[in-house]
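See below for the structure under consideration.
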Amino acid sequence: MIDRTVPIDAAVSRFIRSGSVIMVGGFGRGGVPFTILEHLADHADAFADLTLIKNDASEPHLGIGPLLRAGMVKKLIATHIGLNPEFIGQMNRGEVECELVPQGIFAERIRAGGAGIPALLTDIGVDTEAAAGKPSVRLDGETYLVERALRGDVALVCADRVDRTGNAWWRGSNRNMCVVMATACARVIVEGKQIVEAGAIQPEDVQLPGVFVDAVVQAQPRRHMRTEAPA
Amino acid sequence: MIDRTVPIDAAVSRFIRSGSVIMVGGFGRGGVPFTILEHLADHADAFADLTLIKNDASEPHLGIGPLLRAGMVKKLIATHIGLNPEFIGQMNRGEVECELVPQGIFAERIRAGGAGIPALLTDIGVDTEAAAGKPSVRLDGETYLVERALRGDVALVCADRVDRTGNAWWRGSNRNMCVVMATACARVIVEGKQIVEAGAIQPEDVQLPGVFVDAVVQAQPRRHMRTEAPA
Amino acid sequence: MTQTRAPMQDEERIARRAALELRPGMLVNLGIGLPTLVPQFLPADVDVLFHSENGFVGMGPALEDGTPDHDIIDAGGRACTIIKGGAFFDSLLSFAIVRGGHLDLAVLGAFEVSIKGDLANWKIPGRLTPGMGGGMELAQKANQVLVVTRHLDKKGRPKIVRECSLPLTARHCVDTVITERAVFRRRDGALALISVHPDHTIDSVLEGIEVPMRVIEPLQSWDQPPESPEGVGA
Amino acid sequence: MTQTRAPMQDEERIARRAALELRPGMLVNLGIGLPTLVPQFLPADVDVLFHSENGFVGMGPALEDGTPDHDIIDAGGRACTIIKGGAFFDSLLSFAIVRGGHLDLAVLGAFEVSIKGDLANWKIPGRLTPGMGGGMELAQKANQVLVVTRHLDKKGRPKIVRECSLPLTARHCVDTVITERAVFRRRDGALALISVHPDHTIDSVLEGIEVPMRVIEPLQSWDQPPESPEGVGA
């Protein structure tokens with residue numbers, strides 16, 4: 001089996017470019033690849049025009065917040081941005097594009113991207129702003145939206161446990177969007193809180209098989225735990 | 001938490017009727033609810049005109065084989081029937097209807113049924129007999145089939161371990177279609193090789209949450225292990 | 001499921017009344033904010049299962065000793081627990097549960113509710129755009145939708161309106177509205193007043209609501225639980 | 001992954017030659033029948049990962065002591081094992097791997113292969129209808145499709161034909177065909193002869209094939225592995 005562990009700078013420089021479409025795991029703070037995101041924020045000059053696909057906009061000082069604040073992001077596709085008033089301001093001023101998607105459909109579109117399904121039909125969001133600009137079809141007398149697959153260039157997720165070949169396991173509610181995002185991107189970097197040997201996770205309990213994973217990096221204690229509280 | 005354990009005859013008589021559309025878990029012998037199927041075969045007079053949705057047609061003496069042999073089934077939706085020459089004969093003589101579906105699309109249609117998705121688009125089977133009778137649409141210059149959701153009245157699956165509330169876990173390759181089928185039916189009976197107390201399966205490792213399950217029944221040793229070899 | 005502050009009097013009243021709507025065997029999702037106050041007012045013998053759309057069923061209260069477990073959070077990001085028999089999963093299965101018809105009740109907040117049961121709770125253009133999160137699925141697909149909200153908005157206008165002026169979350173989805181003044185249920189396609197809090201009168205409840213509202217008399221007492229719907233239970 | 005009988009001479013020859021097509025790092029799916037004979041001819045140092053569409057990656061051979069574990073079966077129903085680092089999953093994820101483009105190679109059997117690479121391997125109307133199983137997805141979506149088959153059918157006709165007469169599995173999907181007589185690769189949209197077994201000649205290979213076949217000379221030696229394609233590896 002391939003050992004996919006690499007230093008974080010190698011993984012980032014190999015897979016992420018300006019203009020990359022990046023899926024970022026996490027819901028609230030669970031599953032968010034804080035170490036990789038802090039690394040990106042530390043190299044703000046190297047990465048511009050990113051498109052981020054993430055459940056929520058984080059908080060201004062956390063997760064993708066510093067990337068948004070630094071102007072590294074041209075578009076965010078998300079389901080909820082309410083905890084990041086700075087980003088809402090940027091969006092309202094037209095400085096950044098934001099597409100809001102109902103959360104379950106957000107997950108389904110990503111799944112479709114990963115599962116080779118070009119589009120799915122749904123009635124979620126019919127008669128709302130979420131339907132704006134989307135094609136609709138009639139089937140069996142009902143109107144449905146055609147929701148297209150979402151794919152990314154890179155997925156960044158944080159797992160609680162990952163083996164050297166990339167098989168990953170999440171504790172508690174940390175799984176959220178992480179697994180499905182890892183299926184839907186050309187390259188996948190898993191940040192592991194704990195990196196274990198192949199075989200340490202029972203094969204039935206693997207939540208993300210390593211065949212989807214390109215790089216495994218070690219999670220570091222979060223910045224605010226390493227230094228001072230954030231500004 | 002609700003204790004969903006019940007005797008098998010109570011579960012069957014409560015949820016299954018003549019004319020029921022029944023999804024049956026399993027691929028080969030793994031995940032097949034042999035005890036429930038043997039119970040049904042033992043009550044062949046009570047259940048007619050069944051529609052079965054199962055990956056494969058089993059072997060003539062095993063699984064759904066005796067139900068097919070006894071004429072209890074009017075239609076089978078499956079992906080593979082090669083190990084049941086008796087059924088192929090019935091089908092070729094027009095005694096029973098059979099719809100063959102590509103295996104991944106079979107799983108996707110069931111998932112759609114469970115996930116409240118009316119249909120999905122795919123290019124699998126385009127230009128083949130699998131496309132016969134299916135609507136197609138053009139999207140982004142490509143032709144796709146519209147594959148409709150499949151739902152059932154009852155799902156019957158066998159899990160290696162299930163707790164009293166219905167949380168279930170499969171060993172090895174036994175999971176196959178079982179989980180997705182349990183999401184797509186109005187009622188779900190899980191046959192457990194081992195029935196454990198609530199909490200005995202780590203909540204992260206539950207493969208099917210009990211909220212999908214209506215009844216938990218005890219698996220028995222298979223008939224051919226209890227008595228003689230099958231005819 | 002935790003509460004980080006004591007609910008104010010109105011909120012407590014709403015949450016206490018809402019708790020009566022949670023019946024044994026139900027699978028229930030709680031929206032962010034006021035809905036999270038409801039579980040503390042459930043009698044101990046009511047066996048309700050909570051669904052958290054970020055990925056589990058069996059959500060329980062925060063640890064009593066106050067030790068937060070940040071790997072088990074509710075959809076509002078607050079540390080909670082999982083009860084014995086609960087299960088974690090990913091966002092896909094979480095919303096399959098909702099869209100698949102397994103969620104008996106969603107308890108949601110609201111900016112506006114129309115007399116026909118339309119809900120607006122995700123966007124105030126140019127001012128507040130939290131996003132819909134999972135709200136559209138919950139509003140559209142839960143078997144029952146209960147809105148818990150202050151009776152009036154910050155400008156003193158009733159939340160119940162003729163037509164929503166704000167972007168919709170979903171149409172014709174709200175079954176019940178509970179405010180600190182009254183309980184409304186959708187009957188024959190329109191919200192009707194069914195119960196008034198003892199501090200209020202029909203007049204003080206209907207004051208400012210700019211659309212005719214049916215009053216179902218005799219009014220139910222404030223603490224009367226709803227009739228058990230058929231077939232509830234996961 | 002087990003073999004229940006010693007392969008006959010032709011089958012062994014085909015499987016040995018096919019094993020050369022499996023390159024380190026590949027994720028490979030083996031169809032039922034002849035394809036399952038391939039792994040035993042892999043050199044021990046070739047790190048190939050096998051995908052079994054019923055739900056795992058990391059399929060390994062049956063236990064050497066012969067104790068079958070019937071909870072770990074291949075897609076043909078035979079007991080096998082899982083290697084360290086393998087993972088089990090359900091049918092959904094299994095085919096997401098296939099349709100999502102992660103499967104480097106599918107090794108499949110065939111009733112007929114057309115000169116353009118169309119494959120028919122699931123139905124002989126009125127006679128044999130095993131069903132397509134996962135074959136359509138594998139044929140259509142694996143990054144490379146390798147067909148391993150006897151050169152002639154039971155009536156002595158070549159399996160390579162101008163147009164398939166049987167119901168198709170997928171169009172334009174076959175990249176390589178290996179028989180006991182020859183190796184064919186699709187070049188510029190049509191199968192071409194690239195290697196002939198020492199027991200045969202170009203004439204004996206092409207005899208009975210009713211469509212013009214390009215011969216790429218000089219022919220490769222029988223045991224020459226394919227050029228490593230770019231970007232292989234999960």
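Just so you know, these numbers use all the heavy atoms, side chains as well, and skip hydrogens, waters and symmetry mates. Proteins come first, then strands; the chains are lettered A, B, ... in the order of their sequence lines, and each starts at number 1.
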Is a donor on one side and an acceptor on the other found under 3.5 Å between the side chain of B/T128 and the backbone of D/T169? no
With a sphere of 6.0 Å drawn around NZ of B/K134, does it hold more than 12 non-hydrogen atoms of other residues, nucleotides or ligands? yes
Tell me, with the steps shown, if D/K123 and B/E129 meet side-chain contact (heavy atoms from CB on, under 4.5 Å). CA-CA 10 Å; D/K123 184 177 182 180; B/E129 281 190 14; 2.8 Å; yes
Rounded to the nearest 0.5 Å, what separation is found between the NE2 atom of B/H80 and the CH2 atom of D/W122? 11.0 Å
Spacing of CG belonging to D/D90 relative to CG belonging to B/N174, to within rounding of 0.5 Å: 13.0 Å
Interchain contact, B/N92 with chain D, by part (heavy-atom threshold 4.5 Å): side chain
Can you tell if the side chain of D/N54 reaches within under 4.5 Å of the side chain of B/N55, non-hydrogen atoms only? no
Structural part of D/I73 lying under 4.5 Å from a heavy atom of chain B: both
Under a 4.5 Å cutoff for heavy-atom pairs, which residue among B/G104, B/G82, B/G28 has the most contacts with chain D? B/G104
Contacting region of D/F95 [heavy-atom separation from chain B under 4.5 Å]: side chain
Check whether any side-chain N or O of D/Q140 sits under 3.5 Å from a backbone N or O of B/D123 as a donor-acceptor pair, and report yes or no. yes
When rounded to the nearest 0.5 angstrom, what distance separates CG in B/D127 from CG in D/D118? 9.0 Å
For chain D, which candidate among B/L100, B/V179, B/T122 shows the most heavy-atom pairs at distances under 4.5 Å? B/L100
CZ of B/F27 to OG of D/S94, rounded to nearest 0.5 Å, is 8.5 Å
What parts of residues 152-168 of chain D touch chain B if we use heavy atoms and a cut-off under 4.5 Å? D/P167, D/L168
Considering only heavy atoms and a distance below 4.5 Å, find which of D/G134, D/G135, D/P130 pairs most often with chain B. D/P130
Any donor-acceptor N/O pair, B/E108 side chain to D/A96 backbone, under 3.5 Å: no
Could you tell me which portion of B/I88 (side chain, backbone, both or neither) has an atom closer than 4.5 angstrom to a non-hydrogen atom of chain D? side chain
Who among D/G55, D/G126, D/A75, D/S91 has the most heavy-atom pairs with chain B under 4.5 Å? D/S91
Which answer fits D/A120, side chain, backbone, both or neither, if we ask what part of it has an atom under 4.5 Å from a heavy atom of chain B? neither
Under-4.0 Å salt bridge between D/D71 and B/K193: yes
Give, as side chain, backbone, both or neither, the part of B/I110 having an atom under 4.5 angstrom from any heavy atom of chain D. neither
So do the side chains of D/E53 and B/Q103 get within less than 4.5 Å of each other, counting heavy atoms only? yes
Is the shortest side-chain heavy-atom distance between D/E137 and B/I105 below 4.5 Å? yes
For D/D69 against B/R171, the heavy-atom pair lying closest together: OD2-NH2, 2.8 Å
